[in-house]
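Lettering of chains follows the sequences in order, A, B, ..., and the numbering in each one begins at 1.
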Amino acid sequence: MEILKDIILKFNLFVIYYVVAINFIYFVQLILSALSLYGYIRKVRYSDYQNYTTSYNMVPVSILVPAHNEEETIVDNVRNLLYINYPEFEIIVINDGSKDNTLKKLIDAFSLKKIDQPVRYLIKTKNIKGIYKNVDIPNLVVVDKENGGKADALNAGINVSRYPIFVSIDADSILESDSLVRVIMPFIEDKETVAVGGIVRIANGSFIKRGLIKKVELPKNRIAMFQIVEYLRAFLTGRMGWDALNSLLIVSGAFGAFKKDVAVEIGGYANGTVGEDMEIIVRIHKHMRKHKKRYKIKFIPDPVCWTQAPESLKDLRSQRRRWQIGLMDSLFKHKDMLFNPKYGIIGLYAYPYFLFFEMLGPIIEIIGYIFVPLSYVFGILNLKYFTLFLIASILYGIILSIGAILLEEYTFNKYPSLRQVMKLTLYAIFENFGYRQLTSLYRFEGIFKYRKLKHNWGKIKRVGFTKSA
Amino acid sequence: MEKFVYTSIVFFTAVILTLYVYLLVEKMLEAIKSKIREVNEDAVFKLIDEIILKLEEESLKDEDVIKIKEVIKSGIKRELVEERLIYYFMIYSGDIIKKLTKLVEEVGLVDFEIRNLKSDNLYIVSLAARRLGEFRSKKAIEPLLKALNINSNDVKYNVLLALSKIGDEDAFIEAFEKLEDKILLSERSLIEIIDDFEGDKIKVYKRMFNSNNSFLASVFMKSAANYMDVSLSDIVANFLKDPNKEKRIAAIKFIGNLSDVRYLDDIIERLQDEDWEVRAVAAKVLERFQDERAVMPLVKALSDKVWFVRYNAASSLIKIPKGIDAIDIVMQGNDKFAKDIILYAVQNIELLEVTEDNREKIKEIIKKYKR
């Protein structure tokens with residue numbers, strides 16, 4: 001019994017240091033993000049991106065849209081993409097063995113015909129069954145292939161693509177008309193740029209017509225509301241902070257741009273993983289640093305890509321498990337990077353952070369929920385200290401969320417009314433009482449189902465965008 | 001420990017409150033600024049519009065300079081003046097630009113932005129460079145060249161763009177020579193800057209084609225390919241066999257854009273180049289010459305080991321007179337690679353780019369092949 005008591009005491013002490021450390025990191029990230037965002041907003045004033053929307057000097061881009069059972073949203077999504085304001089681009093929709101009518105809907109909506117196109121298998125993928133085009137829409141290509149997972153679908157898209165930069169987006173994403181120019185500008189401004197991630201915002205609640213965001217609104221669904229706060233925190237403070245340190249380890253699969261030659265060089269997206277978006281970035285870091293090549297992976301904070309967030313606990317659970325599994329998969333595959341000075345800040349800081357705080361965080365949190373009552377039972381819990389510590393950590397969580405909301409208000413101001421700010425603030429407070437614990441539980445579950453679920457596409461239930469309002 | 005926890009609670013609460021107060025103050029200041037701007041916008045814009053209207057007919061008057069000087073004493077109004085003047089710089093061209101430049105010099109806006117170039121804040125420097133470019137004042141050349149020493153891609157880009165708009169050939173060349181190996185800007189952004197150059201482009205091209213920096217020389221050649229001035233052909237043609245791959249590509253693009261038949265044989269010869277990128281570009285530009293002499297070399301290129309070369313050769317053949325006849329022969333032959341690439345090209349080329357006659361012929365060939 002004494003041993004158990006001792007373990008619990010030591011664990012409690014460890015948790016205190018752990019919470020202080022993680023909150024300190026978050027706080028530094030918040031400050032770094034604020035500085036970077038300030039710079040970005042200033043830069044927009046003299047940015048030349050508008051000129052490039054019509055310039056023949058802009059790099060032509062291939063947009064890859066992997067689709068698996070996306071019949072609800074795929075047609076709207078492609079229509080939206082065809083409206084994009086960009087000089088030269090092609091859209092490649094990759095139907096990854098959908099069992100629903102994804103392919104048929106595309107063929108019917110865009111009057112596509114099967115063409116004989118040889119494919120250069122720069123990256124090995126599952127068999128491509130057919131390629132469809134319509135000569136009147138020359139920049140739309142639909143690739144029908146055997147089911148091989150999202151990474152395999154993206155690799156097939158890379159093989160079929162013609163242009164030197166590709167942008168991968170989710171089939172349920174909505175891009176703003178200038179999104180592409182904004183995400184490509186870092187490649188134009190700096191030739192060392194090899195990948196760029198864009199911010200992903202939640203479209204639930206917003207009014208969408210013909211695949212375009214007409215009015216940004218907050219959703220009525222509470223689960224989606226919590227995720228809005230989460231996304232603001234993750235992108236505006238998290239990724240912006242990592243970008244400031246030049247150590248981004250993830251570019252969202254919902255919207256990211258890559259130099260094709262670099263992606264091909266590293267063998268494309270890794271098959272058999274659900275976290276292909278993180279995996280490819282980690283491999284790019286590893287490859288470039290190993291070969292001592294200069295490179296940059298950038299993040300742009302403009303609200304350029306909108307996506308549907310899960311509105312049910314079932315979908316949220318599936319999503320969070322998938323994220324956790326993806327994270328673990330990438331970290332396990334590249335464990336040689338941990339504290340390896342050869343990989344610079346990635347090996348010494350970014351990788352350990354993701355391992356100790358992002359991956360192991362849910363375990364420590366859940367054990368904490370078990371050990372606190374145990375400590376109380378054993379009489380080793382100082383209730384006063386515990387309450388104070390709890391208040392402090394909750395306040396810290398709130399401050400980070402509110403910090404992200406305020407950054408959004410200062411910069412892009414997509415939720416301008418006081419009512420919206422107040423609603424966001426309330427959710428930033430309430431997420432600490434139930435929602436956060438629930439997501440930790442889902443991630444904890446992901447850890448235990450790692451082996452079983454790591455090859456799953458992990459779909460969430462979509463509704464057609466035209467129904468959103 | 002207890003003290004630490006209390007302190008942190010107080011600290012976090014204070015930070016939250018401070019953030020909110022800051023937001024409130026910021027929003028209020030923004031609202032005030034916007035109100036002041038709104039109140040002044042009409043009057044300032046009206047004043048500038050009237051002065052510009054007069055400038056269209058007559059020369060700059062001292063009284064107008066004094067009026068503007070008075071207005072720009074206020075920061076918000078100065079922003080409005082600059083914004084409106086830049087609008088006119090963007091919509092006007094010709095002699096009135098010189099009058100506008102004189103105006104911004106005399107009212108002190110050029111000096112103001114030159115001072116901003118010395119700021120420690122890189123965003124202010126970049127914005128100042130951008131505005132000085134719009135003002136097209138030669139007074140800004142020296143300070144802009146100095147600003148090139150600042151280690152920031154944004155600053156460098158905006159300074160080069162400013163010098164491009166000012167259009168002074170020697171300064172523009174000096175700026176590029178100064179950058180040399182320190183260029184982090186992409187090739188396309190550099191071409192965009194050079195394309196925008198408002199001075200004597202021919203002079204700049206001639207000097208920069210011979211730059212010791214092969215990358216820069218090829219970038220200028222690629223820009224020249226967009227400019228399409230035939231007087232540069234003879235000089236550019238010398239680079240068709242240059243040891244540097246980028247220069248060869250740029251030279252092919254240039255000659256191809258002009259469709260200068262004097263160099264057709266040289267371009268055809270590049271289909272045998274050791275670098276596939278050069279062969280691919282050569283195959284692509286041959287279409288522009290519309291010359292039967294390119295047909296057989298292009299047919300040969302249909303079996304090139306690199307897909308891009310084969311594809312460009314097939315696309316060009318479809319668009320060249322007699323090219324279709326050659327395609328017919330290939331489709332009846334045994335070269336699977338060549339047949340595959342032709343089928344692909346046929347289905348990918350926008351039919352608008354192909355003549356009516358060739359379109360019908362293509363359909364016939366494909367039908368025959370499928371039978």
Side-chain angles (χ1 to χ4, degrees), chain A residues 16 20 23 27 38-39 41-43 45-48 51-52 55-59 113-120 131 133 135-136 138 141 162 185-193 294 296 382 384-385 387-389 391-399 402-403 405-406 409-410 418 421 425, chain B residues 1-2 4-9 11-13 15-16 19-20 22-23 26-27 30 121-124 126-131 153-154 157-158 161 183-193 195-196 222-223 226 307-308 310-311 336-337 340-341 343-344 346-352 366 370:
Chain A
I16 290 173
V20 169
N23 283 327
F27 197 72
Y38 171 75
I41 292 297
R42 295 292 298 257
K43 190 179 162 178
R45 288 183 70 194
Y46 55 79
S47 169
D48 224 12
N51 290 349
Y52 280 92
S55 170
Y56 46 78
N57 286 324
M58 199 59 176
V59 202
K113 299 225 162 17
K114 195 171 182 178
I115 63 161
D116 302 298
Q117 175 173 333
V119 178
R120 291 166 301 139
I131 294 177
K133 283 191 83 167
V135 284
D136 294 325
V141 183
R162 287 187 292 168
M185 277 311 283
F187 292 100
I188 295 290
E189 290 166 348
D190 191 336
K191 60 185 177 189
E192 289 179 356
T193 308
R294 291 172 68 88
K296 285 188 185 115
N382 183 322
K384 189 176 153 195
Y385 280 162
T387 314
L388 284 174
F389 182 71
I391 292 171
S393 56
I394 287 174
L395 271 173
Y396 224 154
I398 293 171
I399 193 179
I402 288 178
I405 295 166
L406 294 181
E409 292 301 311
Y410 290 137
L418 198 62
V421 178
T425 307
Chain B
M1 179 58 105
E2 191 178 346
F4 169 75
V5 176
Y6 277 127
T7 312
S8 63
I9 290 175
F11 174 70
F12 300 148
T13 315
V15 172
I16 293 180
L19 283 172
Y20 268 94
Y22 181 55
L23 176 69
E26 275 280 309
K27 290 240 167 194
E30 214 171 88
N121 186 328
L122 294 178
Y123 307 107
I124 292 176
S126 296
L127 187 61
R130 169 58 59 108
R131 286 178 170 172
N153 240 16
D154 274 352
Y157 177 81
N158 284 295
L161 203 61
I183 299 177
L184 275 178
L185 295 164
S186 73
E187 179 184 288
R188 283 170 191 265
S189 63
L190 291 171
I191 295 174
E192 185 81 10
I193 290 165
D195 283 358
D196 277 354
K222 283 173 189 168
S223 164
N226 298 334
W307 186 90
F308 275 113
R310 298 203 298 273
Y311 175 70
K336 191 176 174 302
F337 268 141
D340 275 354
I341 205 71
L343 273 177
Y344 175 59
V346 164
Q347 291 167 98
N348 273 279
I349 284 174
E350 287 179 52
L351 291 178
L352 288 174
I366 301 300
K370 287 195 170 167

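Neither the backbone nor the side chain of B/L190 has a heavy atom closer than 4.5 Å to any heavy atom of chain A. Residue contact with chain A, scored on non-hydrogen atoms closer than 4.5 Å, involves the backbone and the side chain of B/D340 alike. At a 4.5 Å heavy-atom cutoff, the contact between A/K296 and chain B is made by side-chain atoms alone. In this structure, the portions of A/Y396 lying under 4.5 Å from any heavy atom of chain B include both its backbone and its side chain. When heavy atoms are compared at a cutoff of 4.5 Å, A/V141 does not approach chain B at all.
Contact between B/Y123 and A/K43 at its shortest, heavy atoms only, is CD2-N, 4.2 Å. Across every non-hydrogen atom of B/N153 and A/E189, the tightest pair is ND2-O, 2.8 Å.
Considering only heavy atoms from C-beta on, A/F187 stays 4.5 Å or farther from B/R188 through its side chain.
No donor-acceptor distance shorter than 3.5 angstrom exists from the side chain of B/S186 to the backbone of A/K191, with no hydrogens or angles considered.
Ranking A/L395, A/N382, A/I394, A/I391 against chain B, the residue ahead of the rest is A/L395, based on heavy-atom pairs under 4.5 Å. Of all the listed residues (A/G403, A/G39, A/S393), the one sharing the greatest number of non-hydrogen pairs under 4.5 Å with chain B is A/G39. Comparing B/N226, B/L161, B/N158 by heavy-atom pairs within less than 4.5 Å of chain A, the highest count is held by B/N226.
Once rounded to the nearest 0.5 Å, the distance linking CD1 of A/I188 with OH of B/Y157 reads 8.5 Å.
Both tests pass for A/R120 against the ring of B/F308: distance under 6.0 Å to the centre and angle within 45° of the axis.
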